[in-house]
Amino acid sequence: METEAQRSLSLRASRRTERSGSGTRRKGDETDVSANGSGLHDPLRMVWRKGFIRLVLVSAILWMLLILFALLFHLWSCHSSISFFSALCNQDSKVFIILDTMGLTSKPQHRCGIPVVDDPDTIVIPKRTPDTIPKSLTYVLEDEQVNADEKSQPLFGGHQNWTQRENSFKLNTTMKVHCGFIKNGGGEMDAVDVKYAKKCRFVVASGIFDGYDTPHQPSNISQRSRELFCFLMVVDEVSFHFIKQNVTVREDSDGGKWVGIWRLVMLHHPPYDEPRRNGKVPKILTHRLFPQAQYSIWVDGKMELIVDPLLILERYLWRGKHIFAIACHKHHRSIYEEADAIKRRKRYARPLIDLHMKIYRYEGMELWSPKKRTISDVPEGAVIIREHTAMTNLFSCLWFNEVNLFTPRDQLSFGYVVHRLGEEFKFFMFPNCEYNSLFILHSHTREHSSVVEWVKSLDEFKGNKTGLRETRGGLGLWKPYPGDLSSVQLPSVKRTSPAG
């Protein structure tokens, strides 16, 4: 019995040992399988990791090569004889402008370097540009009354009718046009200033009206330019007295008034009620104020010129054989965009701006597009560089006539006159970043404000009881227009900048 009991105990112990052994073997087998499995996957992971690293390195190398190729292509295109490729690096070209409108160019700089020559003394002044069309240009000097029986005060810009306006855009060899300075219309200079201006062949001109600024002295002016140029600051009587109270004005032996390098030129009997419109007289009609001048550079009164004027003439006129140069606007290319911005900023009566634009729209002025021959219809008019030829004088007269007839916002009229003269008027519109590098901008001594800027409806002008309506300028907005403007719809515009 004991023997059988011992045998059963030994059998049970052996079975337990076998079960525990088999369990241990199963665990060991699982461990081996898992170990072998991980061993099988490790080489794949290593291959994948190495492949990813190589992919990143190859992509980085390709990207660097692409950038290098783009830079080399840009350098090559700038010097290429193929016009399309060379236009890619020319900011004045239509190719560049098309890419810019598509958003494929970088944001323009506010200032950039001006490619001027190193030394003004090395500049050779070229011969004058010969006149072709027109060869002879004369001006209307006597005002024509609207009605023979009606006696009215002569206007500085004259009583130009719609037919005369239309004919003035038809180019001929000999032309006679309105161009301000109608007899007894205002805007007279002192005899001493007229005598001084007769000797001026090269002019830097500026102007201050209604006491908004004091003269800012130009800097970086070479001795050659000091001897060659007359620096003429046109002022009204209000501004002259304001300047005398704030800066030193010296008087020479001939009675001329000076502030530093600037010769003050008094303009008596301002032609217009609106100071801004008065400021357009010396700005646009520089050739009429100073008829002996061969070249002129206009700079707004709030600006301090920081580039030698002889370098300016060489860069913007003589180098490219241009006769007229002006910068393009920083934000706007269409006059309708500019008009929208003027209304938003309350720079003139909104209904009159709309009427002005409706007339231009009726007369065929389209929105600007890259298909146009000009890179923009809107200039930055604070700097104007001119050779005084018959063609540039005609352009200035026609530009002024539009300012005289409609609103004083000359940026709206510029592109229209360019449009009407067509291919015959060739000019250079240079980059805005260069324009901003020509001067230092100073703030006005006070902000210009006029009640007409807040007008929202033509009804506010009725009867002119409030004095809103000008009496000597902008009269084309009030006389009957020879066309139906009621159906004219102004084009919608895209607001390209918060600043307008």
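Hydrogens, waters and symmetry mates are skipped; everything else that's a heavy atom, side chains included, is used. By convention here, the first residue in the shown sequence is residue 1.
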Between [Y] and [X], do the side chains contain a donor N or O and an acceptor N or O under 3.5 Å apart?
{"X": "His159", "Y": "Asp143", "answer": "yes"}
{"X": "Glu338", "Y": "His332", "answer": "yes"}
{"X": "Ser376", "Y": "His329", "answer": "no"}
{"X": "Asp213", "Y": "His442", "answer": "no"}
{"X": "Glu402", "Y": "Tyr360", "answer": "yes"}
{"X": "His110", "Y": "Lys330", "answer": "yes"}
{"X": "Tyr336", "Y": "Asp377", "answer": "no"}

Salt bridge flag under 4.0 Å for residues [X] and [Y]:
{"X": "Lys371", "Y": "Glu366", "answer": "no"}
{"X": "Arg111", "Y": "Glu434", "answer": "no"}
{"X": "Asp210", "Y": "Arg276", "answer": "no"}
{"X": "Asp193", "Y": "Arg263", "answer": "yes"}
{"X": "Arg350", "Y": "Asp354", "answer": "no"}

Where is the tightest heavy-atom contact between [X] and [Y], given as atom of each residue plus distance?
{"X": "Ala390", "Y": "Leu137", "result": "O-CD2, 3.7 Å"}
{"X": "Leu285", "Y": "Ser396", "result": "CD2-O, 4.0 Å"}
{"X": "Met266", "Y": "Asp190", "result": "CB-OD2, 3.7 Å"}
{"X": "Trp262", "Y": "Val204", "result": "CZ3-O, 3.6 Å"}
{"X": "Met391", "Y": "Ile133", "result": "CE-O, 3.0 Å"}
{"X": "Phe400", "Y": "Gly180", "result": "CE2-CA, 4.1 Å"}

- Item | Atom NE2 of His269: over 12 foreign heavy atoms under 6.0 Å |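 For His269, atom NE2 is not crowded (no more than 12 foreign heavy atoms under 6.0 Å).
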- Query: With respect to His322, which candidate in Phe428, Phe430, Tyr295 satisfies the ring pair (Phe, Tyr, Trp, His ring centres under 6.0 Å) definition?
  - Reply: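 Testing His322 for a ring pair (Phe, Tyr, Trp, His ring centres under 6.0 Å) against Phe428, Phe430, Tyr295 leaves exactly one candidate, Phe428.
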- side chain to side chain contact (heavy atoms under 4.5 Å, CB included) with Asp308: which of Leu313, Ile221, Asn220?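 So the option named by the test is Ile221.
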- Message: Within 45 degrees of the ring normal and closer than 6.0 Å to the centroid, is that where the cationic atom of Arg469 sits relative to Trp478?
- Response: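 Yes; both conditions hold, so Arg469 lies above the ring face of Trp478.
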- Task: Mark yes or no: Arg420 above the aromatic ring of Phe169, with NZ or CZ under 6.0 Å from the six-membered ring centre and no more than 45 degrees from the axis.
- Result: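 Geometry flag: set, cation within 6.0 Å and 45°.
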Starting at [atom1] of [X], measure out to [atom2] of [Y] and round the result to the nearest 0.5 Å.
{"X": "Thr214", "Y": "Ile243", "atom1": "OG1", "atom2": "CD1", "answer": "7.0 Å"}
{"X": "Ile342", "Y": "Leu352", "atom1": "CD1", "atom2": "CG", "answer": "12.0 Å"}
{"X": "Ile123", "Y": "Arg315", "atom1": "CD1", "atom2": "CZ", "answer": "12.5 Å"}
{"X": "Met189", "Y": "Leu232", "atom1": "CE", "atom2": "CG", "answer": "8.0 Å"}
{"X": "Phe229", "Y": "Phe231", "atom1": "CZ", "atom2": "CZ", "answer": "7.0 Å"}

Between [X] and [Y], is the ring centroid distance below 6.0 Å?
{"X": "Trp258", "Y": "Tyr196", "answer": "yes"}
{"X": "Phe181", "Y": "Phe156", "answer": "yes"}
{"X": "Tyr316", "Y": "Phe427", "answer": "no"}
{"X": "Phe324", "Y": "Phe395", "answer": "yes"}

- Kindly state each residue pair satisfying salt bridge (charged side-chain N to carboxylate O under 4.0 Å, His left out) with at least one member in residues 292-304, sequence neighbours excluded.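 Listed once each, the pairs would be none.
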- Query: Does anything in residues 279-296 pair up under salt bridge (charged side-chain N to carboxylate O under 4.0 Å, His left out), and if so which pairs, sequence neighbours excluded?
  - Reply: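 Only Lys280-Asp410, Lys283-Asp410 qualify under salt bridge (charged side-chain N to carboxylate O under 4.0 Å, His left out).
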- Task: Check whether any side-chain heavy atom of Arg386 lies under 4.5 Å from a side-chain heavy atom of Ile323, and answer yes or no.
- Result: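 Side chain of Arg386 against side chain of Ile323, heavy atoms only: no contact under 4.5 Å found.
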- Task: Under the salt bridge (charged side-chain N to carboxylate O under 4.0 Å, His left out) rule, collect the residues that match up with Arg128, sequence neighbours excluded.
- Result: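 Testing Arg128 for salt bridge (charged side-chain N to carboxylate O under 4.0 Å, His left out), a comparison that skips the adjacent residues, returns Glu387.
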- Sidechain-backbone polar pair: Arg347 side chain, Arg345 backbone, donor-acceptor under 3.5 Å: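 Yes, because the side chain of Arg347 sits within donor-acceptor range (under 3.5 Å) of the backbone of Arg345.
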- Do the rings of His287 and His388 sit parallel, tilted or perpendicular, given the 30° and 60° boundaries?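 His287 and His388: perpendicular rings.
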